**Q** 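Please see the structure below; I have some questions.
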Amino acid sequence: MRYTQLGRTGLKVSRLVLGTMNFGPQTDESTSHAIMDAALDAGLNFFDTANVYGWGENKGRTEEIIGSWFAQGGGRRDKVVLATKVYGNMGPDGEAWPNHDKLSAVNIRRAVDASLKRLGTDHIDLYQFHHVDRATPFEEIWQAVDVLVQQGKILYAGSSNFPGYKIAQANETAARRGSVGLVSEQCLYNLAERRAEMEVIPAARDYGLGVIPWSPLHGGLLGGVIKKEAEGGRRASGRAADTLADPVARKRIQAYEDLLEKHGVEPGEAALAWLLTRPGVTGPIVGPRTREQLDSALRALELELGEELLSSLDEIFPGPGPSPEAFAW
């Protein structure tokens with residue numbers, strides 16, 4: 001396993017992040033525990049979750065599964081850099097109850113305590129804002145975060161799905177308060193979706209945030225979806241299905257799969273390996289439903305993409321270019 005610093009912090013994290021969103025809804029508890037054990041055995045120490053995972057009436061279930069895994073002992077909690085998120089409504093009985101969502105000081109305080117209880121731990125290493133809260137000023141957010149840091153309930157704060165200007169606002173406000181500010185940004189970023197390169201990633205790099213891409217296979221689109229469909233495998237759904245419905249986009253994905261078949265490389269592993277070459281990227285989030293999917297993700301760490309292949313991938317999936325040149329002279 002390879003490790004790197006998380007942004008400008010002294011915290012060492014693995015170059016792959018174990019995403020747990022499938023734990024509960026698609027992967028049962030015993031299989032989820034086995035996947036986490038295998039990840040830890042491979043040296044993968046960075047686990048990502050969110051208070052809303054489990055979804056619907058089962059919100060919080062994923063954190064509970066992680067908590068029951070920690071409870072097995074064996075140094076599991078001490079070895080893991082644990083990241084979770086706050087923003088989504090966690091009101092009782094699935095109701096959208098006032099003050100049970102977003103980033104007000106009252107909800108941050110309530111949400112941290114609830115996550116700690118479900119996770120069965122006394123602290124969260126990286127507490128992430130799952131979305132921008134346009135109604136709550138950053139002064140209030142950092143006041144709440146600073147109290148939690150002083151109490152030892154969280155160590156670092158990060159963002160998710162923030163535009164570049166909000167990263168700047170957040171950290172400029174933190175600097176005025178003498179707070180540490182954001183140390184990471186979790187964003188949608190992959191070969192097929194490179195808009196983050198225009199402003200989000202440059203802002204993150206300038207402010208010393210580690211970039212944690214989510215959906216590195218773009219909902220399965222970059223995992224060899226056309227070949228799998230042809231062989232009678234799992235059909236595309238969600239984001240991947242929507243993209244393939246466009247004939248031009250489908251032609252691009254076919255060219256991508258043909259290119260990697262020519263080089264003898266598995267598409268999903270290539271998509272992860274490509275992200276590992278990107279400036280500013282700490283590590284992509286992989287969300288395995290099975291042990292086999294985890295093993296495939298781990299192989300991406302050993303995959304070296306040559307300059308010719310990288311250039312060919314850029315031709316198929318060109319990035320937006322730097323800002324402001326991408327939209328100005």
Side-chain angles (χ1 to χ4, degrees), residues 17-36 39 46-71 80 82-104 107-121 124 126-133 158-162 185-190 193 212-221 223 225 234-243 284-291 293-294 297:
V17 184
L18 182 68
T20 62
M21 188 170 65
N22 291 319
F23 295 176
Q26 297 192 44
T27 306
D28 62 29
E29 184 167 348
S30 62
T31 304
S32 299
H33 286 185
I35 289 172
M36 288 187 280
F46 198 2
F47 289 18
D48 176 76
T49 191
N51 59 353
V52 293
Y53 289 174
W55 309 112
E57 296 180 356
N58 294 312
K59 286 182 292 189
R61 177 60 182 145
T62 303
E63 287 187 331
E64 291 174 350
I65 289 173
I66 297 170
S68 64
W69 180 73
F70 284 150
V80 167
L82 176 63
T84 191
K85 309 183 193 76
V86 57
Y87 181 88
N89 196 289
M90 297 292 288
D93 303 320
E95 298 178 28
W97 200 248
N99 297 316
H100 280 72
D101 66 354
K102 300 186 179 176
L103 303 178
S104 68
N107 187 55
I108 287 176
R109 177 181 176 180
R110 177 189 293 114
V112 164
D113 287 341
S115 284
L116 289 172
K117 182 177 180 180
R118 287 188 293 267
L119 289 162
T121 186
I124 294 161
L126 177 64
Y127 200 50
Q128 301 163 108
F129 312 135
H130 212 162
H131 200 275
V132 169
D133 181 355
S159 58
S160 181
N161 305 306
F162 272 34
E185 160 60 17
Q186 190 176 135
C187 59
L188 175 61
Y189 183 39
N190 56 57
E193 176 50 84
I212 308 169
W214 61 265
S215 195
L217 304 188
H218 208 62
L221 185 71
V225 64
R234 186 167 179 256
R235 295 186 62 81
S237 60
R239 187 179 296 113
D242 293 342
T243 303
I285 297 174
V286 297
R289 296 185 303 276
T290 65
R291 170 65 187 273
Q293 290 178 343
L294 174 62

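All values derive from a computational prediction rather than experimental measurement.
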**Q** For N190 and P216, which heavy atoms make the closest approach, and how far apart are they?
**A**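 Here N190 and P216 meet closest at CB-O, 3.2 Å.
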
**Q** How long is the span from the OG1 atom in T121 to the CZ atom in F70, to the nearest 0.5 Å?
**A**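 Here the rounded value is 6.5 Å.
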
**Q** Ignoring hydrogens, what is the shortest heavy-atom contact between S215 and L188? Give both atom names and the distance.
**A**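 Here S215 and L188 meet closest at CB-CD1, 3.7 Å.
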
**Q** If I compare all heavy atoms of T84 with all of N51, which pair ends up nearest, and what's the gap?
**A**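 Taking T84 first and N51 second, the nearest heavy atoms are OG1-N, 3.6 Å.
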
**Q** Test side chain to side chain contact (heavy atoms under 4.5 Å, CB included) on I212 and I285; report intermediate values, then the result.
**A** CA-CA 7 Å; I212 308 169; I285 297 174; 3.5 Å; yes

**Q** Is there side-chain contact between V86 and V112, with at least one heavy-atom pair below 4.5 Å?
**A**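 Side chain of V86 against side chain of V112, heavy atoms only: no contact under 4.5 Å found.
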
**Q** Determine yes or no for a side-chain-to-main-chain donor-acceptor pair under 3.5 angstrom, with E185 supplying the side chain and N161 the backbone.
**A**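 Yes; judged by distance alone, with no hydrogens or angles, the pair exists.
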
**Q** Return yes if some donor-acceptor pair links the side-chain N/O of Q26 with the main-chain N/O of N22 below 3.5 Å, else return no.
**A**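 A pair under 3.5 Å: no.
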
**Q** Working to the nearest 0.5 angstrom, can you tell me the gap between L294 CG and M36 CE?
**A**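 Output value for this atom pair is 11.5 Å.
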
**Q** Give the minimum heavy-atom separation between S32 and G24, together with the two atoms involved.
**A**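 Taking every non-hydrogen atom into account, OG-N, 4.3 Å.
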
**Q** Measure centre to centre between the rings of W69 and F23, then say whether the value is under 6.0 Å.
**A**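 Here the rings of F23 and W69 have centres that are no less than 6.0 Å from each other.
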
**Q** Between Q186 and K85, is the side chain to side chain contact (heavy atoms under 4.5 Å, CB included) condition met? List the steps.
**A** CA-CA 11 Å; Q186 190 176 135; K85 309 183 193 76; 3.3 Å; yes

**Q** Between I35 and T27, what is the shortest heavy-atom contact and its length?
**A**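 Result for this residue pair: CD1-CG2, 4.2 Å.
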
**Q** Just one of L18, V80, L126 clears the side-chain contact (heavy atoms from CB on, under 4.5 Å) bar with F46, so which one?
**A**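 Checked L18, V80, L126 against F46; only one passes side-chain contact (heavy atoms from CB on, under 4.5 Å): L126.
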
**Q** Going by the rule salt bridge (charged side-chain N to carboxylate O under 4.0 Å, His left out), which residues pair with R61 if we only count those two or more places apart in sequence or in a different chain?
**A**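 Result, salt bridge (charged side-chain N to carboxylate O under 4.0 Å, His left out) vs R61: E29, E64.
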
**Q** Should D133 and S104 count as side-chain neighbours, where that means a heavy-atom distance under 4.5 Å?
**A**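 Of all side-chain heavy-atom pairs linking S104 with D133, none is under 4.5 Å.
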
**Q** What is the minimum heavy-atom distance between G91 and W97, and which atoms define it?
**A**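 The pair with the smallest heavy-atom distance is CA-CB, 4.0 Å.
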
**Q** First locate atom CG of N107, then atom CG of N89, and finally report the distance between them rounded to the nearest 0.5 Å.
**A**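 Reported to 0.5 Å precision, the distance equals 8.0 Å.
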
**Q** Going from NE2 on H130 to OH on Y53, what distance comes out if it is rounded to the nearest 0.5 angstrom?
**A**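 H130 atom NE2 to Y53 atom OH measures 4.5 Å (nearest 0.5 Å).
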
**Q** Using distance alone, with no hydrogens and no angle criterion, decide if T49 and E63 have a side-chain donor and acceptor under 3.5 Å apart.
**A**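 Absent: no donor and acceptor within the cut-off.
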
**Q** If the condition is ring-ring contact (aromatic ring centres under 6.0 Å, His included), which residues does Y87 pass it with, not counting sequence neighbours?
**A**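 In terms of ring-ring contact (aromatic ring centres under 6.0 Å, His included), with neighbours along the sequence ignored, Y87 is linked to H131.
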
**Q** So does H218 get a backbone contact from the side chain of E193, meaning a donor-acceptor N/O pair under 3.5 Å?
**A**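 No; zero donor-acceptor contacts below 3.5 Å.
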
**Q** Nearest 0.5 Å, please: how far is OG in S115 from OH in Y127?
**A**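 Separation between the atoms: 5.0 Å.
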
**Q** Would a 4.5 Å heavy-atom cut-off, applied to side chains only, mark D48 and T20 as touching?
**A**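 Result no, sub-4.5 Å side-chain heavy-atom pair not found.
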
**Q** Taking CZ in R109 as the centre, count heavy atoms belonging to other residues, nucleotides or ligands within less than 6.0 Å. Is the count above 12?
**A**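 No - once you tally the heavy atoms of other residues, nucleotides and ligands closer than 6.0 Å, there are 12 at most.
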
**Q** Establish, from distance only, whether the side-chain atoms of D28 and T31 form a donor-acceptor pair under 3.5 Å.
**A**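 Short answer, yes.
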
